[in-house]
Number of protein chains: 4
Amino acid sequence: MANKDFQTLFSESLGQSDLSVKQQAVLRASLELFSEKGFDRTNTRDIADRANVSEGTVYKQFKTKEGILSAILDPFIHQVIPKAIAEFLEDMSKTATPTIEDFLLVAVQNRMKFALANRLQLRIFLQEATRDPSLLNDLGAEAVKILDSPIVDFLRNYQREGQLIDWPLPRIVQYMLGTVLTYILPKVLNGGDLDVNKASHETVEFVLNGLKPRK
Amino acid sequence: MANKDFQTLFSESLGQSDLSVKQQAVLRASLELFSEKGFDRTNTRDIADRANVSEGTVYKQFKTKEGILSAILDPFIHQVIPKAIAEFLEDMSKTATPTIEDFLLVAVQNRMKFALANRLQLRIFLQEATRDPSLLNDLGAEAVKILDSPIVDFLRNYQREGQLIDWPLPRIVQYMLGTVLTYILPKVLNGGDLDVNKASHETVEFVLNGLKPRK
Amino acid sequence: MANKDFQTLFSESLGQSDLSVKQQAVLRASLELFSEKGFDRTNTRDIADRANVSEGTVYKQFKTKEGILSAILDPFIHQVIPKAIAEFLEDMSKTATPTIEDFLLVAVQNRMKFALANRLQLRIFLQEATRDPSLLNDLGAEAVKILDSPIVDFLRNYQREGQLIDWPLPRIVQYMLGTVLTYILPKVLNGGDLDVNKASHETVEFVLNGLKPRK
Amino acid sequence: MANKDFQTLFSESLGQSDLSVKQQAVLRASLELFSEKGFDRTNTRDIADRANVSEGTVYKQFKTKEGILSAILDPFIHQVIPKAIAEFLEDMSKTATPTIEDFLLVAVQNRMKFALANRLQLRIFLQEATRDPSLLNDLGAEAVKILDSPIVDFLRNYQREGQLIDWPLPRIVQYMLGTVLTYILPKVLNGGDLDVNKASHETVEFVLNGLKPRK
DNA sequence: CATGAATGAGAATTCATTCAT
DNA sequence: AATGAATGAATTCTCATTCAT
């Protein structure tokens, strides 16, 4: 049972719940509005209204509007994602996965579920990243940590066994990510449900075998 | 010999150059600024300054700031891209391509060059699309037209010959696109050069064979 | 003790004083400036200055400049004037008025005093009405209510007694109004005092007897 | 045979037709637009469009937008009206008018026809006069000239004969004007036809006899 | 003479942020 | 802590006016 659900992770990410109920309402309202309309087209009046709070209260905790954005994205990048990675790795370690198919299936499903559970944050992240690509670097820095973890041992092992092609791991991760994204991005942006089981099987099927018929 | 370059296509897209020199300067300045800072964080004062034009002039042709954005994105979606597709298809038809490797190589290179040549517009498009996913639908509508062209015959032929797996074509296109994007997106957002030759060979290599060693 | 004075009626008309002191200052400043220079030639900067308030404050309560105009004219047409009519009718009812001279004298004086007390609003009303005659219809709709009140009984009674000519009442009201206006309009537009006593006596003298010497 | 019609007087008023066809088109377009929407809400772009002329041409003859207004109102006040008065007086002199009824009838009809024929200018004049009452003085100055003309002799004669009450002539003119206005103003502002014959008879009937039944 | 592109000063309006209550 | 009125800088947009062609 992979990640905790969104509520839990989000709340935990909000600095150990040192936020009052109202402040959390502000954060949730901002999360929704930023995701729906974008940071620049959301005004503090609307945030206050949606959070059922005065405009002054919005500024009590978060000194600026920019600060609210940081309060959403910073923990997302530096806490939610790392924590998700950690839990993912733990899950992987526990799972006896003899074939690479099974391994990738778990990995892909894990990523897809995470993305859907954190849809709003991801959408905000994408919006900001298209403006300020340095955010992508921040994310990349976190992602690289995967390659500094036991998971590498799994992959190297598959390579040694001849189950996985002998390319540099970053290149392998790149392709898997790209393929997963083609399933997830439309859902993150447009909403709608994703049949994670079907999507993950299709992904693994392609990623492993490519477009040329075997035999 | 593939696409005309950016300058040409962009100028052509501006409705037969019915724009004065100054109006074109406004459009170019907006293109740059929107791409650099995003639509919402660009103000008309800055556009006027960069275009060496008065603020009034900015509004003479394009009635609103929103109108400038449309003047950039609309022809991009409805003229530049379709024209690029048309020229791409023509190139394909002319090329005798015995193996699917060669065919995909040309296709992928073509797409990559186009993306890099239209980097600024693409970046603006991405920024807006993350806010208003309906733009993706507009783009999708144009893209679908590919599947209504001679290129389909090529692909079906490869499938019949056993060079291409027997999946629905949209699924095949989806994976190719996803993989190409992993090379292009970082360049579109961050700038920098892409070794199109190397990237396209790697892409085709992966897309056709997947991550599992053949044999 | 006819109408309450302007201050009272104006304040009452402002929706039970649900406006802060500053908002009332905005309204008063607008009233003065619109009356002096006309709506179109008054800018919000001047309103803010005269009200000793920031320009943002002008827009807090009244969403647009147009909105300020409505905040002045709407209650004037739909509350101040109806209320004035009601009080006028009450005054009339209480007054035992054996002759039509006395009756008209009270009526005319009443109208003149009201017009002078509401000089600024009337002037704005006139300015707008010359652009948008539909305003006159709105006013007319309110005025017609007079002919749906006890005052009609008075007039009919005078007609029966042979003190008042047997014309349709609207025609009679039309002439009285026209004559009263010749005294009031110059004062509304130019300012200056009106000797209400003298003016009302002259009006009644003319209205009743015409220009041809009796006997 | 009272006034020449509008076209004639207006054209004559335009400085002896020293205006080109285009300039006259500008004046006519301005006349219509100012009357419809008011001076401040009419822009020079609209004037140029309605006159089928470039915006530059609008400024060739009339240095400023204000100048167009003057070109309309100045001759109206200082030429059209005086000329109308002169012709009116001439008509009066020629007419043998034994009774005051007949005399007033002609006078009133004359005024009404003039007002209707010059509806657009009058409307503009009213709009401006409600802003800048000094215009009323200008008009008044012209009007006073009536009392410096043969017409005075007519009126004094009627007074001597006991057909006209022995009040100061300005007061008499004031009442007549007020009554005439109640018929004309609604038409000037709202448009629509006026039954000049009926209206003039009613006016004279009231003005002479008042509201109290004779005997 | 006529044109209409260009100008730039100003106007309305928005909104993040502050602060007295 | 919470409120929301108040602020004023910034922004979009309009329009009378000018001037090169």
Side-chain angles (χ1 to χ4, degrees), chain A residues 20-23 25-26 39-49 51-68, chain B residues 19-23 25-26 40-49 51-68, chain C residues 19-23 25-26 40-49 51-68, chain D residues 20-23 25-26 39-49 51-68:
Chain A
S20 72
V21 174
K22 297 215 170 190
Q23 304 302 352
V26 169
F39 176 78
D40 289 311
R41 294 181 192 175
T42 300
N43 62 41
T44 51
R45 170 83 263 126
D46 286 344
I47 294 175
D49 285 349
N52 267 109
V53 137
S54 76
E55 218 169 337
T57 298
V58 171
Y59 279 83
K60 216 35 179 236
Q61 180 69 25
F62 312 102
K63 301 313 178 197
T64 66
K65 190 183 156 195
E66 199 79 42
I68 306 180
Chain B
L19 290 176
S20 71
V21 174
K22 299 220 172 191
Q23 302 301 348
V26 169
D40 289 311
R41 291 177 195 178
T42 299
N43 63 44
T44 52
R45 172 83 262 130
D46 288 343
I47 293 175
D49 286 348
N52 266 109
V53 135
S54 76
E55 212 167 342
T57 297
V58 172
Y59 281 87
K60 202 58 174 228
Q61 183 68 25
F62 314 101
K63 300 313 176 198
T64 65
K65 192 182 150 194
E66 206 56 67
I68 306 179
Chain C
L19 291 175
S20 72
V21 174
K22 298 220 172 191
Q23 302 301 350
V26 169
D40 290 310
R41 292 177 193 178
T42 299
N43 63 41
T44 52
R45 172 81 263 130
D46 288 344
I47 293 175
D49 286 348
N52 265 111
V53 136
S54 76
E55 213 167 340
T57 297
V58 171
Y59 281 86
K60 202 58 173 227
Q61 182 69 26
F62 313 101
K63 299 314 177 197
T64 64
K65 193 182 150 195
E66 229 16 272
I68 307 179
Chain D
S20 71
V21 174
K22 297 214 172 192
Q23 304 302 349
V26 169
F39 176 78
D40 290 310
R41 293 179 192 177
T42 298
N43 62 42
T44 51
R45 172 82 262 128
D46 286 344
I47 293 174
D49 286 348
N52 266 108
V53 136
S54 75
E55 219 168 337
T57 298
V58 171
Y59 279 83
K60 216 38 182 230
Q61 180 68 26
F62 313 100
K63 301 314 179 197
T64 65
K65 190 182 155 196
E66 198 79 43
I68 306 179

TODO: On DNA chain F, check which nucleotide each of B/Tyr59 and C/Glu55 is closest to and give me the residue with the more 5' one.
DONE: C/Glu55
- [ ] Could you please spell out the steps behind the side-chain contact (heavy atoms from CB on, under 4.5 Å) verdict for A/Phe39 and B/Asp40?
- [x] CA-CA 10 Å; A/Phe39 176 78; B/Asp40 289 311; over 6 Å; no
Task: Heavy-atom side-chain contact between A/Gln23 and A/Thr57 under 4.5 Å - done: yes
Length of the [atom1]-[atom2] vector between [X] and [N], whole Å:
X       : N      : atom1 : atom2 : answer
D/Asn43 : E/dG10 : CG    : P     : 19 Å
D/Ile47 : F/dC15 : CD1   : C1'   : 11 Å
A/Asn52 : F/dG4  : CG    : P     : 11 Å
B/Ile68 : F/dT11 : CD1   : P     : 15 Å
A/Asp40 : F/dA10 : CG    : C1'   : 14 Å
B/Gln61 : F/dT14 : CD    : P     : 15 Å
B/Arg41 : E/dC15 : CZ    : P     : 15 Å
B/Arg45 : F/dA9  : CZ    : P     : 18 Å

Task: Base-pairing mate for F/dA20 - Watson-Crick or G-U, with both contacts under 3.5 Å - done: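 Base partner found: E/dT3.
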TODO: Provide the Watson-Crick or G-U wobble partner of E/dC15, both distances under 3.5 Å; none if there is no partner.
DONE: F/dG8
It should be established whether [X] places a side-chain nitrogen or oxygen under 4.0 Å from OP1 or OP2 of nucleotide [N].
X       : N      : value
D/Thr57 : E/dT3  : yes
C/Thr44 : E/dA12 : yes
B/Lys65 : F/dT12 : yes
C/Gln23 : F/dA6  : yes
D/Lys22 : E/dT3  : yes
D/Ser54 : E/dG4  : no

Task: Earlier contact from the 5' end, DNA chain E, for B/Val58 and A/Thr42 - done: B/Val58
Open item on the list: For the CD atom of B/Glu55 and the OG1 atom of B/Thr44, what is their distance to the nearest 0.5 Å?
Closed with: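 So the gap between those two atoms works out to 4.0 Å.
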Open item on the list: Rounded at 0.5 Å granularity, tell me how far OG1 in A/Thr64 sits from CD in A/Glu66.
Closed with: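 Those atoms lie 6.0 Å apart.
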- [ ] Could you give the distance separating F/dT21 and E/dC1 at their C1' atoms, to the nearest angstrom?
- [x] 13 Å
Open item on the list: Base, sugar-phosphate or nothing for C/Lys60? Non-hydrogen atoms, less than 4.0 Å.
Closed with: base
Open item on the list: Give me the atom names and distance for the closest heavy-atom approach of B/Ala25 to B/Ala51.
Closed with: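 Taking every non-hydrogen atom into account, O-CB, 3.5 Å.
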